[in-house]
Colleague: 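Submitted below is the structure of interest, expressed as structure tokens.
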Amino acid sequence: MVASSGSARDGWSSRTAFILAAIGSAVGLGNLWRFPAEAGQNGGGAFVLFYIFCVIFIGLPVLLSETLLGRHGQASAPESVRRMAAESNALSAFMIVSFYCVVGGWVLYYVYVFAGDLVTTGLAGGAFEGRDRAEIEGILPGLFGSARLMITGHLVFFAITMFFVMRGVSQGIEWVATWLMPAFFVLLVGITLYGLTSGAGMETLTYLFSFDFTKLTPQVMLAAVGQAFFSLSLGVAGMITYGSYAGRDINLGRTSGIIASADTAVALIAGLCIFPIVFAAIAAGATDLSVEGCPGLRFAALPGGLQAMPCGAFIGLVFFIMVGFAALTSSVALLEVPTSWVMERFETSRMVSTLGVGLSAALLGIFAALSFNEWSDVRPLAFVPIFAEANVFDALDGVTAKIFMPLGAILTCVFVGWVAEPRLVDTENGLNGWLHQLWRALVRYVCPLVLIVITFFGLFG
Ligand code: PFF
């Protein structure tokens, strides 16, 4: 976790910078790639509704707790609780960044493919003009099948992430968040409107928003909780770290509301963007796609969807560049967590810590990248029923989102709700009256209990 007072502490240059950087951390591949894939694998509407419930009643109170905890520092925390929270959080962030950068590598590969296509097709043409569907559908399997491409993409993305973490938080990443997140948002909305009006709009709306409660199994509930944490950067000290760089003038209650709303909006829009394209591709005879999807769902579907779009090659390129930036603002936040923990724990410089942590996580990520090809048969957690089929990549993803993140959040709730002096966490949360009471009750009772129950039944039920 982070130091409460710090030698080399960096800070946000303004309130807006903090909000945008926190949104930058929250909005990332979790929204654009993981949310549509999880919704597809977990039955659509029921998952989406429960996800929104989790964001409001669990994610939001935990988000406020994390940012509060970060800003106050942990000086007053009993050492044992602090240690436990810090170590489990830093470890999960370490595991997540390792496979996150593998997906970042896919984005880079698509940037490369679309850039090549733009050169051949020109500005006005649709993506991959004149190429047949089989060829376009072959792009993702071609990438997954090549260990060399997967590892190269991963390492390049990791190197870029390390570069920004080495420079410190306010240098550069703030700029990326401030300028590129709004541009990304405009583009996402544009592509979504196009997809909804020109493709399978109704089918998508029905799929994402018709709630069949029989589909709400304990596993789907756990998947939704895990996704809410992943997407809001919670349970791994992501928001504790960013909150620790926040000034006293910031109203954390309001800010948390803004972050959670923006993040959820992007996830829902990403769902509205991706599914029309998937449904349209399936209707057109795509053989390799299903809504249940593979981890590459959106990546597999987009090139085909952009083929018929005017300026598709150009829009595809710009879009994947934007996805890359959204991913980068998140991967930097992820790597920052274990890096700042090592800096504090071993009193090393930022440079040494980034190199040590980054290179080890990059190495772990190589095994995740191999899950799609050379190591596709390796099942590291074969002895755990719900992870029995998971390869290294899925195991890292599943264990962090379904065990570590809920656990990290339970620790945060216990700490903020029960251990920390109320004076420290209550006076500056920016909430008044009943909202404050509600937050307090959620953090002390509802969140920890619900999380324990959902995690237990999701894993063993
Ligand atoms: N919230 C990010 C996403 O949705 O892509 C992932 C993430 C970033 C998780 C930072 C945790 C974190 F600390």
Side-chain angles (χ1 to χ4, degrees), residues 1-2 20-39 51 54-55 59-60 62-63 66-67 69-70 85-86 88-104 106-107 157-158 161 164-165 169 173 176-177 181 184 188 223-245 256 259-271 295 298 322-341 357 361 396-397 399-402 404-409 412:
M1 220 180 293
V2 286
L20 284 169
I23 293 178
S25 157
V27 172
L29 295 168
N31 309 59
L32 303 164
W33 150 75
R34 204 174 184 282
F35 178 78
E38 288 286 308
Y51 171 79
C54 291
V55 168
L60 197 47
V62 174
L63 174 57
E66 283 208 8
T67 46
L69 201 59
S88 81
N89 280 329
L91 178 67
S92 343
F94 176 87
M95 286 163 69
I96 296 174
V97 77
S98 72
F99 74 82
Y100 202 87
C101 288
V102 173
V103 186
W106 307 348
V107 178
F157 197 86
F158 216 112
T161 303
F164 281 105
V165 173
V169 204
I173 206 63
V176 174
M181 289 311 289
F184 161 80
L188 182 68
V225 170
Q227 175 60 24
F229 286 139
F230 191 96
S231 194
L232 292 171
S233 308
L234 300 176
V236 300
M239 287 297 174
I240 301 184
T241 310
Y242 272 24
S244 75
Y245 303 121
S256 302
I259 299 168
S261 315
D263 185 66
T264 309
V266 174
L268 293 177
I269 295 173
R298 73 168 296 102
M322 293 295 171
V323 175
F325 284 122
L328 186 65
T329 51
S330 299
S331 62
V332 165
L334 277 165
L335 185 58
E336 177 68 19
V337 176
T339 302
S340 67
W341 179 76
V357 175
L396 282 167
D397 177 291
V399 167
T400 46
K402 291 180 177 161
F404 287 4
M405 286 183 143
L407 193 72
T412 302

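Nothing here was measured: the structure is a model prediction, and the numbers come from that model. Each ligand, and each atom within it, is numbered from 1 in the order the structure gives.
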Colleague: Below 4.0 Å from any atom of ligand 1, is there a heavy atom belonging to Ala93?
Modeller: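 No, that is not the case, since the closest heavy atom of the residue is not under 4.0 Å from the ligand.
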Colleague: Examine Leu29 against ligand 1 and note whether any of their N/O atoms are separated by less than 3.5 Å.
Modeller: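 In this structure, Leu29 places an N or O atom under 3.5 Å from an N or O of ligand 1.
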Colleague: About how many Å separate CG of Leu328 and OH of Tyr100, when rounded to the nearest 0.5 Å?
Modeller: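 The OH atom of Tyr100 sits 9.5 Å away from the CG atom of Leu328.
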Colleague: Which of the atoms of ligand 1 are close to Gly30, meaning less than 4.0 Å from one of its heavy atoms?
Modeller: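 Every atom of ligand 1 under 4.0 Å from some heavy atom of Gly30: 3 (C), 4 (O), 5 (O).
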Colleague: I need the atoms of ligand 1 closer than 4.0 Å to a non-hydrogen atom of Asn31, numbered in the order shown.
Modeller: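 Numbered from 1, ligand 1 contributes 4 (O).
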Colleague: With heavy atoms under 4.0 Å as the rule, classify the contact between Ser233 and ligand 1 as side chain, backbone, both or neither.
Modeller: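 For Ser233, backbone and side-chain atoms both sit under 4.0 Å from ligand 1.
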Colleague: Residues two or more places apart in sequence or in another chain: which of them pass side chain to side chain contact (heavy atoms under 4.5 Å, CB included) with Ala228?
Modeller: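 With sequence neighbours excluded, Ala228 shows a side chain to side chain contact (heavy atoms under 4.5 Å, CB included) to Tyr51, Cys54, Val55, given in chain and number order.
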Colleague: Indicate yes or no: at least one non-hydrogen side-chain atom of Leu29 is less than 4.5 angstrom from one of Arg34.
Modeller: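 No - every pair of side-chain heavy atoms lies 4.5 Å or more apart.
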Colleague: Can you tell me which residue and heavy atom of the protein come closest to atom 5 (O) of ligand 1, and the distance to 0.1 Å?
Modeller: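 Going by distance alone, atom 5 (O) of ligand 1 is nearest to Tyr100 OH, 2.4 Å.
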Colleague: To the nearest 0.5 Å, tell me how far Ser330 OG sits from Leu32 CG.
Modeller: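 One finds 9.0 Å between OG of Ser330 and CG of Leu32.
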Colleague: Which residue owns the protein heavy atom closest to atom 4 (O) of ligand 1, what's the atom, and how far is it?
Modeller: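 It is Ala26 O, 2.9 Å.
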Colleague: What protein heavy atom is closest to atom 1 (N) of ligand 1, reported as residue, atom name and distance in Å?
Modeller: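 Of every protein heavy atom, Phe230 O, 2.8 Å lies nearest to atom 1 (N) of ligand 1.
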Colleague: Of the choices Gly238, Ser331, Ser25, Ala327, which has the non-hydrogen atom that lies closest to atom 13 (F) of ligand 1?
Modeller: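 Among Gly238, Ser331, Ser25, Ala327, the closest heavy atom to atom 13 (F) of ligand 1 comes from Gly238.
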Colleague: Between Ser25 (side chain only) and Ala21 (backbone N and O only), is there a donor and an acceptor less than 3.5 Å apart?
Modeller: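 Checked: no pair found.
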Colleague: At a 4.0 Å threshold, what atoms of ligand 1 neighbour a non-hydrogen atom of Val236?
Modeller: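 Listed by number with element: 11 (C), 12 (C), 13 (F).
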Colleague: Once rounded to the nearest 0.5 Å, what's the spacing between atom OG1 of Thr264 and atom CG of Leu232?
Modeller: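 Thr264 OG1 to Leu232 CG: 6.0 Å, rounded to 0.5 Å.
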Colleague: Spell out, as yes or no, whether a donor-acceptor pair under 3.5 Å connects the side chain of Glu66 to the backbone of Gly235.
Modeller: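 Here the side-chain-to-backbone pair exists.
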Colleague: What's the separation between atom CD in Gln227 and atom CG in Asn31, rounded to the nearest 0.5 Å?
Modeller: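 Gln227 atom CD to Asn31 atom CG measures 7.5 Å (nearest 0.5 Å).
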Colleague: Would you say Ile96 contacts ligand 1, with heavy atoms under 4.0 Å as the rule?
Modeller: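 False for this residue.
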